[in-house]
Amino acid sequence: MPTATPSLTQPVALEQRQEISADAWRVFAVAAAGVFVVFLDATVINIAFPALQAEFSGVTRAGLSWVLNAYAVVFGALLVTAGRLADDRGRKRVFLWGLVLFATASALCGIAPTVPMLVAARAVQAVGAALLVPASLALVLPEFPLAKRATAVGLWGAVGGLAAASGPSIGAVLVDGPGWRWVFLVNVPFCAGAVLFGRHVLRESKGPELRSAPDYVGVLLVTAVMGLLSLGLVQGETWGWTSARVLGAFAAAAIGVPVLIAHALRHPDPVFPVRLFRVRTFSAATAGVLLFAAGFFGMVLCNVLFLTQVWHYSILRTALAILPGPLIAAAFAPQAGRLADRFGHRVVIVPGGLAFAAGTAWFALRVGGDPSYLTHYLPGAVLTGIGVGLAFATFGAAGAHALPPQSYAVGTAVGSASRQLGAVLGVSGLVAALGTPTTPVAALEAFHRGWWLASAAAVAAAITALAMRRD
């Protein structure tokens, strides 16, 4: 397949055809491989946390939590900047850079002898993830005709959703088998294969040439705002939500937002594409994916903690118990894309959001302290799996559908950043809702609060989707 940079008119020509070529599926396979390892790594480490505590017993829980938090903060901070970099410097180039960096950092995580080295490697790993995620979808979109884009984004999102939701299951197998270090080392062959095939399969593309000097001030502003917001969210429980450090992070982020917007409106080629928010569907999809991600990632952690702490399942049994949800989501996501191509995005998203809300409400109303998997847990898992399959990726498809070709990567990055912030918000909200109960009854009530929070977030996401255009 030729790898020369296409002209700016090529995406238009690709949009005019209706069939999906074999080359498009090869591009999708490579891009999906990169996305899989990134979103797998976002959740797989949670199941390995007890093993990390056992190996690094001299490190406090707060200190060890930075193995998770360093990734979340850096990833969220750099997504938008990395998306603009991909549009400017070449999406194939940035994607391959991201894969190499992610693989290298994963290997360093796997051999890290101390917690500070592990945290540093996780931060570098997050840089690689931020580079490859927006470039990944930006490489896929031009290969598919416009009428099939929702299907493509649905499948792309299904890969990421399946990776995130199955992370605890895969992590349990690795931790119980070769050990926690393989949670990281398993990424290396995946990334190596993606780089090898990507060099020959992927087609380079860029946005239009910059009309002015690069927006270095915008890079600093967007990175600072996203980083400070992520820092406040992930450290709120550890530092205290009313502590000076957390309130200071939120205050600095709040001050930075209007400064960033004013700068973006003045600059001819801003790194933060504030003008895209004038498009109603893009704005609604960005807000909706944040809300849905908060519910989804909060529910995943809530279910894992409930099964292990209240029903006293083993790690491996917990992994098997939660597996039906991601499998159902993966089965429904491709069908959701086809339905969205035919009937519009919100026709698919709204029922999906309500199905997820019904599933988490089922958990809150029906799941009790005595284990009853088939009658009490499984129906909720089926409903939430259907909801995730219908709504999560379709939010991304709706946002991508509203993007001009020159903004594929940076627009995708905004959506990914919104999802990342939603994930951090959902986990932080769950931790706050759970608190530190001292009796079994109080613990059960705390988990019910967590499920109700996830349900409310999904309902809000469904309502937000009503603001989208009908197409």
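- Of the residues listed (L229, V289, L79), the one engaging L421 in a side chain to side chain contact (heavy atoms under 4.5 Å, CB included) is L229, and it is the only one.
- Within the 3.5 Å criterion, the main-chain N or O of W239 finds no donor-acceptor partner in the side chain of R245.
- Counting heavy atoms from C-beta outward, V100 and C191 have side chains that stay 4.5 Å or more apart.
- R181 contributes atom CZ, which lies 14.0 Å from atom CG of L174 (distance to the nearest 0.5 angstrom).
- Here CG of L99 is found 10.5 Å from OG1 of T104. Values are rounded to the nearest 0.5 Å.
- The two residues G353 and A462 make their nearest non-hydrogen contact at CA-CB, 4.3 Å.
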Practice item. Take L305 and L301 through the test side chain to side chain contact (heavy atoms under 4.5 Å, CB included) and record every step on the way to the result. Key: CA-CA 6 Å; L305 293 177; L301 182 58; 3.9 Å; yes
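- The two residues V459 and A357 come nearest to each other via the heavy atoms CG2-CB, 3.6 Å.
- Geometrically, R419 engages F39 in a cation-pi contact defined by less than 6.0 Å to the ring centre and at most 45° from the axis.
- T281 is not listed as a side-chain neighbour of R346, based on a closest heavy-atom distance of 4.5 Å or more.
- Shortest non-hydrogen contact noted between A454 and G295 is CB-O, 3.5 Å.
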Validation: residues 250-257 side-chain donor-acceptor distances under 3.5 Å, sequence neighbours left out:
none

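- The backbone N or O of V94 lies less than 3.5 Å from no partner atom in the side chain of R89, so there is not a single donor-acceptor pair.
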Point to revise | Candidate pair H263 and V217, rule side chain to side chain contact (heavy atoms under 4.5 Å, CB included), full reasoning | key: CA-CA 8 Å; H263 172 79; V217 173; 3.8 Å; yes
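- Note that OG of S455 is 13.0 Å distant from NE2 of H448, once rounded to the nearest 0.5 Å.
- The number of heavy-atom neighbours closer than 6.0 Å to CH2 of W182, taken from other residues, nucleotides and ligands shown, is 12 or below.
- Within 6.0 Å of atom CZ in F277, more than 12 heavy atoms from other residues, nucleotides or ligands are found, so the atom counts as buried in its surroundings.
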Let me have the donor-acceptor pairs involving side chains of residues 376-397, under 3.5 Å, with sequence neighbours excluded, atom names and distances please.
unit_1 : atom_1 : unit_2 : atom_2 : d
H376   : ND1    : R366   : O      : 3.4
Y377   : OH     : N303   : ND2    : 3.2
T384   : OG1    : G380   : O      : 3.0
T384   : OG1    : A381   : O      : 3.0
T394   : OG1    : L390   : O      : 2.5

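- Residues L290 and T286 fail the side-chain proximity criterion, which asks for heavy atoms closer than 4.5 Å.
- By the 4.5 Å heavy-atom criterion applied to side chains, T308 and H312 are not counted as neighbours.
- Sorted pairs that involve residues 127-140 and meet salt bridge (charged side-chain N to carboxylate O under 4.0 Å, His left out), not counting sequence neighbours, are lacking altogether.
- A heavy-atom distance below 4.5 Å is found between the side chains of V119 and V115.
- Interatomic distance, R275 CZ to L265 CG, rounded to the nearest 0.5 Å: 5.5 Å.
- Annotation: side chain of L453 is not in contact with side chain of L430 (no heavy-atom distance under 4.5 Å).
- Residues that satisfy the ring pair (Phe, Tyr, Trp, His ring centres under 6.0 Å) test with F306, not counting sequence neighbours, are W311, F447, W451.
- In terms of heavy atoms, A264 sits closest to P270 at O-CG, 3.5 Å.
- The two atoms that bring G110 and F184 nearest to each other are N-CB, 4.0 Å, heavy atoms only.
- Applying the side-chain hydrogen bond (donor to acceptor under 3.5 Å, both in side chains) test to T223 and every residue at least two apart in sequence or in another chain returns T81.
- Contact annotation: the side chain of V38 approaches that of F75 to within less than 4.5 Å [non-hydrogen atoms, C-beta and beyond].
- Counting only heavy atoms from C-beta outward, the side chains of F356 and M299 approach each other to under 4.5 Å.
- Annotation: the span from C302 atom SG to W452 atom CH2 amounts to 12.5 Å, rounded to 0.5 Å.
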Could you go through residues 121-139 and list every donor-acceptor pair under 3.5 Å that involves a side-chain atom there, pairing it with any protein atom two or more places apart or in another chain?
unit_1 : atom_1 : unit_2 : atom_2 : d
R122   : NE     : V67    : O      : 2.7
R122   : NH1    : D41    : OD2    : 2.8
R122   : NH1    : Q125   : OE1    : 3.0
R122   : NH2    : V67    : O      : 3.4
Q125   : NE2    : D41    : OD2    : 3.0
Q125   : NE2    : S106   : OG     : 2.9
S136   : OG     : A31    : O      : 3.1
S136   : OG     : W156   : NE1    : 3.0

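- Closest approach of A321 to L307, counting heavy atoms only: CB-CD1, 3.9 Å.
- Rounded to the nearest 0.5 angstrom, E55 CD and L118 CG are separated by 9.5 Å.
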